[in-house]
Amino acid sequence: MIESSHDRGVQVIELSRPDKKNAFTGAMYHQLREALVAADADQSVSVILLTGAGNAFSAGNDLEDFLNSPPESVDAPPFRFLNALAQVKKPVLAAVNGLAVGIGATMLFHCDLVFAQDSARFSFPFVALGLIPEGASSLLLPRLVGHQRASEILLLGDPLSANEARAIGLVNRVIAEQPVLDFALAQAIRLTQLPQGAVLRTKALLKHPDEVLGRINLEAEAFVMRAKSSAAQEAFAAFVEKRKPNFAGLD
Ligand code: COA
C-alpha cells in the first residue's frame, strides 16, 4: 500500500491503493510514517518525493475505517503521520497526479515543493462530513489566502482546480505536457545536486515546527470529538451506503 523506491538520491514514496483512490487506512499511515522516518535518516537520500498510484493522489482517510473505528486520541494514526511529516528535515516534494482530498490535500501544506498534473483537484470536505480540518490547515491555509478565502474553502468545501491551487500558492507548478512525476523527479534531482547543508538549513529556517505541531494537536483533539458525532457518523455511513447524508436533527 506504500511503495518506496530509491532513484539517484531521491526516495520516491507512492501511496498505492488505486482501487480505492489511495484512501488511507491505519496501516497506510503507519507504513508512510515509517518510510518518511527511514528516508530522513538514510544518508543516501537527499530528497523525498510523494506521489499516488493510478489516477488519484489520495481520496483522504478511508471513510469506512472512520465509520468502524473513528480515531480515539491525538495519537491515532492520521495524527502520528502528520506529526512525522511536519518534522521531516529533508525536502519533501509532492507530485500530485490526480485528486487530493481531505488529508490527501492537507498533507501538502507540509511539503516544500508541490507539482500538480493539470487534471488534479484539491478538496477539503471536512465540514460536509461533520468534521473539522486537520493537518494544521486551519493555521496554514489562512496564512496563504487570508481568512475569508480560507473560510470559503474550509466551510463550503468547493474543490479547487490545479490552476486555482497554484493561484493560492498551494501548488508551485501545474504540469500539462508530461507526467507530473517526471517533472517532479527532475526538480528533486536538482535539489540533490545543491550543497546539502545549505538546503537543510534553509528548510529548517522556513518552517515553524512548534507552532505547526501545536495546531496539529489542537485540531486533532477537536477532530477526535467530531469523528464520533452523530453527524459525522451519518456522513461516513452515507458514503459507504452510496447515498446522500441526512443531517436533520444531527449536530
Ligand atoms: N474512503 C473509502 N473508500 C473510498 C474513498 C474513501 N475516502 N474514496 C474513494 N473510495 C472508494 C469508493 O468507495 C470506490 O470503491 P468501490 O469501487 O468499492 O465502490 C472507489 O474508491 C472508487 O471511488 P469512486 O467514488 O467510484 O470514484 P470517483 O472518481 O467517482 O470519485 C472521489 C472519487 C474521491 C471524489 C469520491 O470517491 C469521494 O468523494 N470519496 C470520499 C472522499 C472523502 O470525503 N475523503 C475523506 C476526507 S476527510
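If you read the sequence from its start, that first residue is 1, and numbering goes on from there. Predicted model, so just to flag it, every value in this text is computed and none were measured. Whatever order the structure lists them in is the order used to number ligands and atoms, beginning at 1.
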- Message: Under 4.0 Å between a side-chain nitrogen and a carboxylate oxygen: does that hold for Glu211 and Arg143?
- Response: yes

- Can a salt bridge be assigned to the pair Glu64 and Lys20 using a cut-off of 4.0 Å between side-chain N and carboxylate O? no

- Item | Other ILVMFWY residues reachable from Leu181 by side-chain steps of under 4.5 Å |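 Answer for Leu181: Val10, Val12, Val47, Leu49, Leu93, Leu113, Phe115, Ile175, Val180, Phe183, Leu185, Ile189, Leu191, Leu194, Val199.
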
Tabulating one pair per line, provide the atom names and distances (0.1 Å) for every N/O atom of ligand 1 that is less than 3.5 Å from a protein N/O atom.
{"residue": "ligand 1", "atom": "1 (N)", "partner": "Leu63", "partner atom": "N", "Å": "2.9"}
{"residue": "ligand 1", "atom": "7 (N)", "partner": "Ala59", "partner atom": "O", "Å": "3.2"}
{"residue": "ligand 1", "atom": "7 (N)", "partner": "Asn61", "partner atom": "O", "Å": "3.0"}
{"residue": "ligand 1", "atom": "15 (O)", "partner": "Lys20", "partner atom": "NZ", "Å": "3.3"}
{"residue": "ligand 1", "atom": "18 (O)", "partner": "Lys20", "partner atom": "NZ", "Å": "2.6"}
{"residue": "ligand 1", "atom": "19 (O)", "partner": "Lys242", "partner atom": "NZ", "Å": "2.7"}
{"residue": "ligand 1", "atom": "45 (N)", "partner": "Ala59", "partner atom": "O", "Å": "2.8"}

- Mind checking ring pair (Phe, Tyr, Trp, His ring centres under 6.0 Å) for Phe122 and listing every partner two or more places apart, or none if nothing turns up? none

- Task: List in chain and number order the residues that pass ring pair (Phe, Tyr, Trp, His ring centres under 6.0 Å) with Phe124, two or more places apart in sequence or in another chain; answer none if no residue qualifies.
- Result: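 Scan of Phe124 (ring pair (Phe, Tyr, Trp, His ring centres under 6.0 Å), adjacent residues dropped) gives none.
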
- May I ask you to check whether Phe66 and Phe239 place their ring centres under 6.0 Å from each other? no

